[in-house]
Amino acid sequence: MQPKIKSKVRCTDQEIGEIIRVIVDPLSQDISHLVVKTGGRELLIPTDQNVAACTESGVDLAFSSEALARFDLFRREDYVQVKEVEIAHLDRHLDVMPGEALVPIPDLEKNIERRTFLQRFTNAIGLVLALPLLYPVIRYIIHPMYRPFDNTWIKIGGADQLRELDKPRLIKFQKTVKEGFLEREYEKSQWAVKASPGLLEKIYKNREVEFRDPDGKIVWRNNKATDVVIFSGKCPHLGCAYRLRKHRRFGQSFVCPCHLSVFDMSGAVLDGPAPRPLDILPMKMSRSGEIEIIDVEFKAGKKERIRIV
Ligand code: FES
């Protein structure tokens, strides 16, 4: 059995307080320390050899309260919440919620000032040496940034594949991109959902979603007259691909494995670091029932939608 938050903690002679945090070893994924609040202090107690028993009624420590003086005080600045770092399958090992568990910040990360200085110094020297060689390459690379956005409509498949209401499906399609004189084709995927009136209401909230060119000109408007909605397949936090999962707290949701952002079927953020809801793409239906989209992309990590493609 694992220690739980708020469990009572007893030494061999008396009850001393309760658990307020647990520290997780990122390698073994086990609980390595308990943070125990006792007598107005927060102590860091390693679980190894100090925990005699862990039951529903609390945690029994293997020493008397006099020995508490040998444990370090807990320093919050040395740790980061488990949900802020990516540790695969950690929730299989833990009974506590990710927000209640911490992992240590590596020593290398703590010594950030010296490391940042050396890094910047090395980068600056490298840049000065490489500038004459890099200039033509940079010019070539940034040239496409000044091109207007590509507002081509792309057919991504028939709406008949969305048979069930409010059940999203990942739709894959081929996109052709022009790079200089070359044309390249690659596979992309976006989430599509045939939305019930209730879900449409939640998505559009009685307003239209507008898409604009850099000069502010409106390119397209989505509204609830069309019951198919396309969500960009990229998480608005840092652009990872998210998935449809049964979340133990929120039920059927979109879950991003990178930093555990969770979104409901309307794209609204339920949990995690995502700064905005899932991005909706401009879409329309052809007469033959084919879904067409403009494959726009927005800047990741921003609260506002800033179009970049
Ligand atoms: S990329 Fe960070 S939560 Fe999705």
Side-chain angles (χ1 to χ4, degrees), residues 21-27 29 76-77 79-106 108-109 112 116 156 166-173 175 177 186-193 195 199 202-203 209 211 222 229-283 293-309:
R21 302 263 185 199
V22 294
I23 309 296
V24 177
D25 179 334
L27 296 180
Q29 303 197 348
R76 178 65 183 85
E77 59 273 29
Y79 299 89
V80 59
Q81 278 197 358
V82 158
K83 65 181 182 184
E84 289 171 33
V85 289
E86 185 187 346
I87 303 178
H89 312 306
L90 184 64
D91 52 350
R92 285 192 210 154
H93 290 247
L94 283 185
D95 280 350
V96 292
M97 298 303 297
E100 298 167 335
L102 305 173
V103 287
I105 299 173
L108 204 61
E109 296 273 319
I112 207 103
T116 313
I156 63 167
D166 302 347
K167 291 268 185 312
R169 281 197 58 172
L170 189 65
I171 297 193
K172 297 191 172 159
F173 60 98
K175 180 172 181 183
V177 177
Y186 64 101
E187 191 178 79
K188 288 203 73 176
S189 48
Q190 317 287 17
W191 284 94
V193 59
L199 186 59
K202 244 178 130 183
I203 293 171
V209 177
F211 303 91
N222 279 5
V229 178
I230 310 294
F231 292 114
S232 163
K234 291 185 175 179
C235 172
H237 178 226
L238 291 179
C240 285
Y242 57 87
R243 296 165 201 155
L244 191 62
R245 286 278 180 275
K246 198 161 179 117
H247 192 280
R248 62 181 170 182
R249 203 160 121 218
F250 302 113
Q252 191 77 331
S253 328
F254 293 117
V255 180
C256 181
C258 292
H259 310 93
L260 303 180
S261 284
V262 185
F263 309 86
D264 70 8
M265 294 298 99
S266 73
V269 182
L270 297 173
D271 198 10
R276 62 172 189 264
L278 294 177
D279 296 319
I280 293 176
L281 303 190
M283 73 81 55
I293 63 166
I294 301 178
D295 191 31
V296 303
E297 286 189 22
F298 300 97
K299 201 168 188 167
K302 296 279 176 200
K303 203 162 186 297
E304 329 72 55
R305 285 186 316 146
I306 302 170
R307 187 172 169 186
I308 51 171
V309 172

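Hydrogens, waters and symmetry mates are skipped; everything else that's a heavy atom, side chains included, is used. First listed ligand is number 1; within each ligand, the first listed atom is number 1.
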Check whether more than 12 heavy atoms from other residues, nucleotides or ligands sit under 6.0 Å from atom NZ of Lys299, and answer yes or no. no
Taken by chain and residue number, the protein N/O/S atoms under 2.8 Å from atom 2 (Fe) of ligand 1 read His237 ND1, His259 ND1
Quick one: are Phe211 and Leu281 in side-chain contact, heavy atoms under 4.5 Å? no
With a 4.5 Å cut-off on side-chain heavy atoms, are Lys234 and Cys240 touching? no
For the CD1 atom of Ile156 and the NZ atom of Lys172, what is their distance to the nearest 0.5 Å? 13.0 Å
Would you say that Phe231 contacts Ile280 through its side chain, given a criterion of any heavy-atom pair below 4.5 Å between the two side chains? yes
By salt bridge (Lys or Arg N to Asp or Glu O under 4.0 Å), which residues pair with Asp264, not counting sequence neighbours? Lys202
